[in-house]
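Structure, as structure tokens:
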Amino acid sequence: MERLSTYLLPTEREAPADAEALSHQLMVRAGLIRQLGAGFWSWMPAGWRVHQRITGIIRNEMEAIGAQEMLMPVLMPSEPWHRTGRIGIQELFKLNDRKGTELVLAMTHEEAVTTHVAQVVRSYRDLPLILWHLQTKERDEPRPRAGVLRTREFIMKDAYSFDRDEAGLEESYQKNIIAYDRIFDRCGIEWYRVESDVGMMGGSGAHEYMAPCAAGENEVALAPGYAANVEVASAEAQHVDLPSGSAAHTEVATPGLTTIEEVAASLELPQAALLKAWPAMVDEQLHLVLVRGDHRVNEIKLANALGGVVRQAHAEEFETIIGPAGFLGPVGATVPIVLDQTIATDRDYVVGGNRPDLHLRDVNPARDFKFKVADVRSVEAGDLVNGVPITIEPAIEVGNIFKLGTRYSEALGATFLDETGKQQPIIMGSYGIGPARIAAAAVEQRADENGINWPSAIAPWDVQIVSIGKSGSEELAKAEEIGAALDADGLAVLLDDRDASPGEKFADADLLGVPVRLTVGRKGLERGVVELKTRDGESVDVALEDVASSVADIRGEQL
RNA sequence: CGGGGUGUGGCGCAGCUUGGUAGCGCGCCUGCUUUGGGAGCAGGAGGUCCCGGGUUCGAAUCCCGGCGCCCCGACCA
């Protein structure tokens with residue numbers, strides 16, 4: 001049992017003026033975290049209790065799937081990072097020791113764990129393996145933000161699977177899905193497992209675990225039975241009626257009209273009747289990407305569709321080859337054209353004329369230019385999946401799982417001998433969870449105007465006892481007695497034994513968000529009762545002899 | 001990396017325009033009173049006004065340079 005009179009819980013009435021996100025404000029106000037610099041946060045004693053409970057759940061579930069916990073250093077030689085090519089990552093902290101040897105601060109531990117596996121795994125008999133640890137990660141983030149949501153140093157649970165073939169990887173992947181689903185359920189947050197981008201890692205599949213909330217940095221497209229990061233989401237576009245059957249396209253003067261909005265307004269057409277031309281460099285090769293006027297190009301989907309590195313082309317790279325910015329179009333363009341699959345190739349559209357102040361109307365893709373079709377647009381709220389409109393919500397990424405393949409094992413020589421004596425690269429997967437983000441997500445999702453409302457499993461304490469009465473009073477003695485009894489029952493108990501006013505104690509209790517509150521005061525004791533209140537419910541009087549069983553009942557409902 | 005903002009006791013802020021030796025609320029300490037939703041009275045402690053340079057008799061305030069922090073966007077293996 002902890003006593004607030006001697007516990008370091010620095011609560012504040014007002015949030016730091018520059019704190020924007022709700023979780024940032026409340027976690028600071030409740031005395032859980034304190035800032036040391038941009039992206040550097042300390043966990044105060046009560047906050048660390050939350051973190052510890054989250055990592056306890058993680059450990060429990062990782063053990064349940066047979067994963068083996070270990071510990072690898074943060075500071076490590078740079079050599080394996082050169083071998084995997086990740087030494088060039090901007091976010092990687094690099095430094096030199098006194099001899100001038102280059103070292104790095106690990107941002108994840110693929111290089112470290114794969115180096116070990118390369119040394120000690122020789123045979124197919126040594127596989128499969130799932131290794132994991134809880135360790136600090138260092139990342140030179142360009143913009144840390146929102147308290148512990150995006151920091152330059154944080155603790156991550158990272159696991160790595162090692163298998164002999166794709167079927168083994170699939171099995172390891174499924175095991176981790178089982179563990180992850182249970183971890184996020186037990187932590188009491190709302191979450192989705194969504195399809196995500198495999199990106200430059202080139203793996204064969206990836207999912208992210210997303211906790212929806214206002215402070216989220218990611219966007220998730222949702223429909224019944226469907227959840228995907230908007231980076232990769234695919235959906236049926238909202239229908240628009242478009243003309244067809246023109247004999248040929250015609251020129252239309254559009255002086256000074258360089259945006260879709262301006263051209264559509266001027267011609268009194270919906271934006272969807274225009275084609276937006278987006279000049280792209282794909283592996284430094286100029287392309288022209290066309291999406292419907294009311295849509296946006298999705299660079300990640302474009303890169304995935306074309307299999308190259310994508311960036312928007314600069315004006316000087318396309319102006320002499322295609323036409324002036326604001327009037328780009330496909331007709332007469334001599335570069336490869338990518339047509340978003342939403343565009344009806346047999347309909348007539350308005351496009352840029354590739355000359356200043358000129359657009360073309362009644363342009364029919366099938367008739368007027370050559371193209372390749374691909375799904376390269378970002379989905380919009382209201383698009384359809386299985387006939388149902390999608391919504392798009394902000395969310396925090398609290399975990400990710402990734403089929404890595406052989407990228408690291410090949411670079412670092414992690415191989416095994418199969419039954420025929422043939423050397424094969426190990427097939428890897430990686431699996432991450434940010435405990436701090438789980439805590440922040442729980443705050444974001446469940447807080448009310450009075451403060452935090454922790455899910456039972458990750459609350460800093462199970463029960464907070466508020467004693468109305470100063471030191472030496474009968475009320476405090478009784479509160480101590482009740483606290484000791486609950487403590488003996490295995491509950492984590494916080495006793496507010498401070499010589500403060502009742503109002504202040506209640507306000508601090510609401511702010512801290514412990515799920516069950518017991519109030520021990522003279523009024524109640526005269527009737528032989530204490531008040532039991534859940535953080536988000538009404539209070540009830542409980543006879544002194546029934547306190548333990550009542551608390552147990554409520555915790556049974558909460559868990 | 002672009003854009004915007006901000007830096008004054010622990011927290012929130014005023015003072016800066018028009019230079020004159022720093023103030024308010026909360027918190028903190030002591031005493032007395034008070035105890036079921038952020039108590040009252042009295043007394044008190046605590047500030048290199050982010051840093052460096054300049055102007056001036058005199059700088060929190062004006063000028064120059066730097067740094068920190070926050071927000072939006074880009075980025076986020």
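Chain letters run A, B, ... following the sequence lines, proteins first and then strands; every chain starts at 1. For clarity, every value in this text was computed on a predicted model and none was experimentally measured.
- Between A:Q90 and the phosphate of B:rA77, there is no side-chain N or O to OP1/OP2 separation shorter than 4.0 Å.
- With distances taken from any side-chain atom of A:S501 to the nucleotides B:rA39, B:rC71, B:rC69, the minimum falls on B:rA39.
- Rounded to an integer number of Å, the gap from OH of A:Y431 to P of B:rA77 is 18 Å.
- You'll find that the side chain of A:R13 is closest to B:rC26, out of B:rC26, B:rC11, B:rG37.
- The heavy-atom pair separating A:P142 from A:E91 by the smallest distance is CD-OE2, 3.8 Å.
- Closest to the A:R143 side chain, of the nucleotides B:rC72, B:rC76, B:rG37, is B:rC72.
- Checked against B:rG38, B:rG12, B:rU35, the side chain of A:E504 finds its nearest nucleotide in B:rG38.
- You'll find a donor-acceptor pair under 3.5 Å spanning the side chain of A:R29 and the base of B:rG38, going by distance alone.
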Quiz: residues 16-26 of chain A side-chain donor-acceptor pairs under 3.5 angstrom, not counting sequence neighbours:
unit_1 : atom_1 : unit_2 : atom_2 : d
A:S23  : OG     : A:E444 : OE2    : 2.7
A:Q25  : NE2    : A:A19  : O      : 3.0
A:Q25  : NE2    : A:E20  : O      : 3.4

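- The nearest pair of heavy atoms linking A:P425 to A:T415 is CA-CG2, 4.1 Å.
- Of the possible donor and acceptor atoms, none in the side chain of A:K94 sits under 3.5 Å from a partner among the backbone N and O of A:L103.
- Under 3.5 Å, the side chain of A:R145 and the base of B:rG73 form no donor-acceptor pair of N or O atoms.
- Side-chain N or O atoms of A:S161 include one that pairs as donor or acceptor with a backbone N or O of A:G429 at under 3.5 Å.
- Using the Watson-Crick or G-U wobble rule with both distances under 3.5 Å, B:rG31 pairs with B:rC41.
- With B:rC72, B:rC75, B:rC70 as the candidates, the nucleotide lying closest to the side chain of A:A38 is B:rC70.
- For A:D18 and B:rG5, a side-chain-to-base donor-acceptor distance below 3.5 Å is absent, hydrogens and geometry of angles not being considered.
- Interface remark: the A:R150 side chain does form a donor-acceptor pair with the B:rC76 base, using a distance-only criterion of under 3.5 Å.
- Residue A:G469 is classed as having no contact, given no heavy-atom separation below 4.0 Å to the nucleic acid.
- B:rU18: no Watson-Crick or G-U partner with both key distances under 3.5 Å is found in any strand.
- Shown here, B:rG2 forms a base pair with B:rC72; the pair counts as Watson-Crick or G-U wobble because both key distances fall under 3.5 Å.
- Pairing for B:rU55 is absent, judged as Watson-Crick or G-U wobble with the two contacts each under 3.5 Å.
- In this structure, A:R139 does not reach the B:rA77 phosphate: none of its side-chain N or O atoms is under 4.0 Å from OP1 or OP2.
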